[in-house]
**Student:** 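Can you read through this structure? Questions will come right after.
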Amino acid sequence: MATFFGEVLSVCSRAVEEDDEDLLEENEEDEQIRRELEEKREVHLHWSPEVSDSLKSGSKLQCSDFILAVGHNAARFLSVHVLTSANWDAVGHASVWNERSRAATGQTSEECVFYRQKDNPSVLICQVTCYVAEDQLFQWTEKVFDCLQHRELNVTVLSDSTVAEYKTADYVSCSSAPFLRSLHSGAFTGQPVCQSLEQPNIVTGLSAAVLNHCEVHRIAAVVYQCYSDVIGLDSVTMETYKPALTKLGKSIQLDPSPSTDVLRKFVRNTNIQSNLYI
Amino acid sequence: MFVSAQNSAPCFKDFTLVMPAVAVGNVGQLAVDLMVSTLNMSRVGYMHTDCIIPMAGNNPYATCKEDVEELHTPAEVYTAAELKLAVLQIRAPIIQTKSKKFRQLLVSWIKASGFTRTVVLSSSHAYQRDDQQLQGTPLRYVVTPSLLKGSVDALKELGWRELERVAPFPGLTDANTEPRLYIPGGGITKGLYTDSCAEDLPLAVLLLFCSEGDNIPDAFTLVNHLNDWLHLLDTPSQKPNQWKIPTSWSLLFGSGIPPALF
């Protein structure tokens with residue numbers, strides 16, 4: 001594609017190159033490597049013994065509310081405002097390996113954790129802060145939802161996004177970010193707490209995979225996408241999610257004003273990489 | 001893979017299926033958008049598969065406030081019953097390692113549904129054309145033997161150009177090598193065509209040579225070309241454009257410009 005200044009840029013084409021037929025005539029070694037890589041990329045769910053036992057007999061977890069946080073701000077919001085009370089048990093985690101995973105195997109367990117409320121075990125929370133690759137999104141969603149009973153299930157997804165991805169005819173000035181936009185499945189009958197996501201904006205990643213699953217299986221689900229102009233953890237961005245959870249007030253105890261100690265523990269200062277371009 | 005959006009499965013017997021290939025310029029997909037938008041087609045089901053990258057958004061064909069908040073997924077099937085037309089719209093790229101699986105799923109679904117014919121709207125890199133192809137129309141077609149049987153006369157009357165086969169090793173004058181079908185930038189088009197030949201499916205590919213950029217005019221060219229054959233719109237081609245652009249086509253090149261820039 002030629003630009004305005006006459007230089008020619010190699011554009012990342014939206015098209016996919018047609019399959020090279022030679023790929024199909026792989027030798028055994030290539031086949032094996034490919035298979036091993038596929039196995040390594042499989043999503044695995046690890047539940048606590050208690051939960052594993054209840055799932056063993058083929059039955060599903062009783063779940064009335066499933067809250068999923070995708071991204072660091074969404075996850076930290078739940079940590080600070082909901083999970084600090086002693087009322088939550090960590091009941092499982094998902095291991096997701098892909099090209100962006102950090103080398104140390106021990107760290108993956110912190111990046112996708114499931115929590116269940118002690119006195120109301122039908123409320124499940126999941127925080128996902130790792131990168132789930134495009135070919136793993138569907139698998140993650142199917143595996144998680146396979147463990148949950150679908151009847152009368154309500155799904156709420158809090159998802160981080162950057163305001164650079166938000167398209168609007170009027171330029172979005174910095175003062176309006178961060179803000180929320182919502183998308184919901186056909187089965188959702190409630191009232192979202194913010195404006196619906198306008199055309200031509202779309203949602204991708206784990207929130208999209210979950211929405212697709214809920215739409216097709218007629219599960220009530222709503223995604224609250226937060227568009228922020230700050231990359232990384234930010235308390236203002238985290239606060240933007242509050243209205244989304246106040247709606248669930250009956251099932252979830254929301255701590256409206258956590259102490260500064262708690263906040264300090266969770267909101268790390270972004271490291272200044274270079275002072276050259278402040 | 002196909003999940004009905006209604007309580008009962010829709011019946012596709014005697015229907016024509018039109019579907020896009022995710023290809024250069026997304027021309028096929030844009031053309032299908034025009035069809036769904038103009039013919040007011042209704043969604044009858046979803047293609048729920050792990051072969052397509054997930055995405056979600058509100059109704060891309062919304063015309064009034066009431067139908068704006070309707071969730072749409074990356075692959076959906078729409079129908080216009082009065083035209084006996086079904087359309088599969090694909091809105092996201094097909095995961096590379098799963099393209100063969102996706103083609104197999106499509107072929108089985110097409111067979112099981114009983115479509116009388118399938119039309120794949122596709123495109124190919126314009127820069128790969130040879131000297132002959134640089135002249136004349138940028139539109140081409142290919143049909144499977146099964147469809148050729150019933151459509152020879154129609155195709156002759158339309159005066160369409162069949163896609164030329166290319167030498168597998170250009171430059172080598174080895175007479176033993178058969179010319180082969182080559183659709184660079186066409187995504188799964190060639191694979192789907194070959195699979196359909198093997199399964200004896202009546203399938204036609206309509207493609208356009210184009211480049212990445214503003215592909216809206218290309219979409220109009222392709223959909224009008226299809227209309228010449230299928231007569232989806234009653235208006236003759238001399239009349240001004242009758243295709244309705246959907247709301248999802250706004251802001252194709254990004255948001256509004258910040259006033260502070262000036």
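In this text the structure is predicted, and so the values were computed from the model without any measurement. Residue numbering restarts at 1 for every chain, and letters A, B, ... go by the order of the sequence lines.
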**Student:** Might you point out which heavy atoms bring B/Glu69 and A/Ser196 nearest each other, and give the distance in Å?
**Tutor:**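 Reported closest heavy-atom pair: CG-OG, 3.3 Å.
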**Student:** Are there more than 12 heavy atoms of other residues, nucleotides or ligands under 6.0 Å from atom CD of A/Gln139?
**Tutor:**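 Yes - once you tally the heavy atoms of other residues, nucleotides and ligands closer than 6.0 Å, there are more than 12.
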**Student:** Would A/Glu215 and B/Arg43 pass as an ion pair if we require N to O under 4.0 Å?
**Tutor:**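 Looking at A/Glu215 and B/Arg43, the cut-off is met.
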**Student:** Near A/Glu99 CD, under 6.0 Å, is it more than 12 heavy atoms from other residues, nucleotides or ligands?
**Tutor:**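 Count over threshold, so yes.
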**Student:** Checking A/Gln199 side chain against B/Asn59 main chain: does a donor-acceptor pair fall under 3.5 Å?
**Tutor:**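 Confirmed, A/Gln199 side chain pairs with B/Asn59 backbone.
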**Student:** Would you say the side chain of A/Glu198 lies within less than 4.5 Å of the side chain of B/Asn58, judging by non-hydrogen atoms?
**Tutor:**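 Not touching, per the 4.5 Å side-chain cut-off.
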**Student:** How are the rings of B/His48 and A/His217 set to each other: parallel, tilted or perpendicular (split at 30° and 60°)?
**Tutor:**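 Ring orientation, 0 to 90° scale: perpendicular.
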**Student:** State, to 0.1 Å, how close B/Pro54 and A/Glu134 come at their nearest heavy-atom pair, and which atoms those are.
**Tutor:**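 Heavy-atom minimum between the residues: CD-O, 4.3 Å.
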**Student:** Identify which of B/Ile95, B/Thr247, B/Thr189, B/Thr97 forms the greatest number of heavy-atom pairs closer than 4.5 Å to chain A.
**Tutor:**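 Result: the option with the highest number of such pairs is B/Ile95.
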**Student:** Given heavy-atom pairs under 4.5 angstrom as the criterion, report whether the side chain, backbone, both or neither of B/Ala21 touches chain A.
**Tutor:**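 Neither part.
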**Student:** What part of B/Glu70 gets closer than 4.5 Å to chain A, counting heavy atoms only: side chain, backbone, both or neither?
**Tutor:**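 Answer is neither: B/Glu70 stays 4.5 Å or more from chain A.
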**Student:** What part of B/Ser123 gets closer than 4.5 Å to chain A, counting heavy atoms only: side chain, backbone, both or neither?
**Tutor:**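 Neither part.
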**Student:** What is the distance from atom CG of B/Leu71 to atom NE2 of A/His184, rounded to the nearest 0.5 Å?
**Tutor:**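 The CG atom of B/Leu71 sits 8.5 Å away from the NE2 atom of A/His184.
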**Student:** Show your working on side chain to side chain contact (heavy atoms under 4.5 Å, CB included) between B/Ile53 and A/Thr204 and close with a plain yes or no.
**Tutor:** CA-CA 8 Å; B/Ile53 296 175; A/Thr204 55; over 6 Å; no
**Student:** For A/Glu142, which atoms come within 4.5 Å of any heavy atom of chain B: side chain, backbone, both, or neither?
**Tutor:**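 Side chain only.
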**Student:** Grab the two heavy atoms, one from A/Ala208 and one from B/Ala56, that are nearest each other, plus how far apart they are.
**Tutor:**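 Nearest pair, atom of A/Ala208 first, then B/Ala56: CB-N, 3.8 Å.
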**Student:** Need one label for B/Ser248: side chain, backbone, both or neither, based on atoms under 4.5 Å from any heavy atom in chain A.
**Tutor:**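 Both the backbone and the side chain of B/Ser248 come within 4.5 Å of chain A.
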**Student:** Scan A/Asn212, A/Ile202, A/Leu211 and name whichever one has a side-chain contact (heavy atoms from CB on, under 4.5 Å) with B/Met55.
**Tutor:**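 When A/Asn212, A/Ile202, A/Leu211 are each tested with B/Met55, the side-chain contact (heavy atoms from CB on, under 4.5 Å) holds only for A/Ile202.
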**Student:** Picking from B/Leu252, B/Leu251, B/Thr49, which has the most non-hydrogen pairs under 4.5 angstrom with chain A?
**Tutor:**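 Heavy-atom pair counts peak at B/Leu251.
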**Student:** As an exercise, state the distance from CD of A/Glu165 to OG of B/Ser255, rounded to the nearest 0.5 Å.
**Tutor:**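 So the gap between those two atoms works out to 10.5 Å.
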**Student:** Between B/Pro60, B/Pro246, B/Gly45, B/Ser211, who has the most heavy-atom pairs with chain A when the cutoff is under 4.5 Å?
**Tutor:**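 Counting heavy-atom pairs under 4.5 Å, the top option is B/Pro60.
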**Student:** Which one, A/Val223, A/Thr141, A/Leu197, leads in non-hydrogen pairs under 4.5 Å with chain B?
**Tutor:**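 Winner by heavy-atom pair count: A/Leu197.
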**Student:** To the closest 0.5 Å, what do you measure between CD (B/Gln96) and CG (A/Asp135)?
**Tutor:**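 Answer for the CD-CG pair, B/Gln96 versus A/Asp135, is 11.0 Å.
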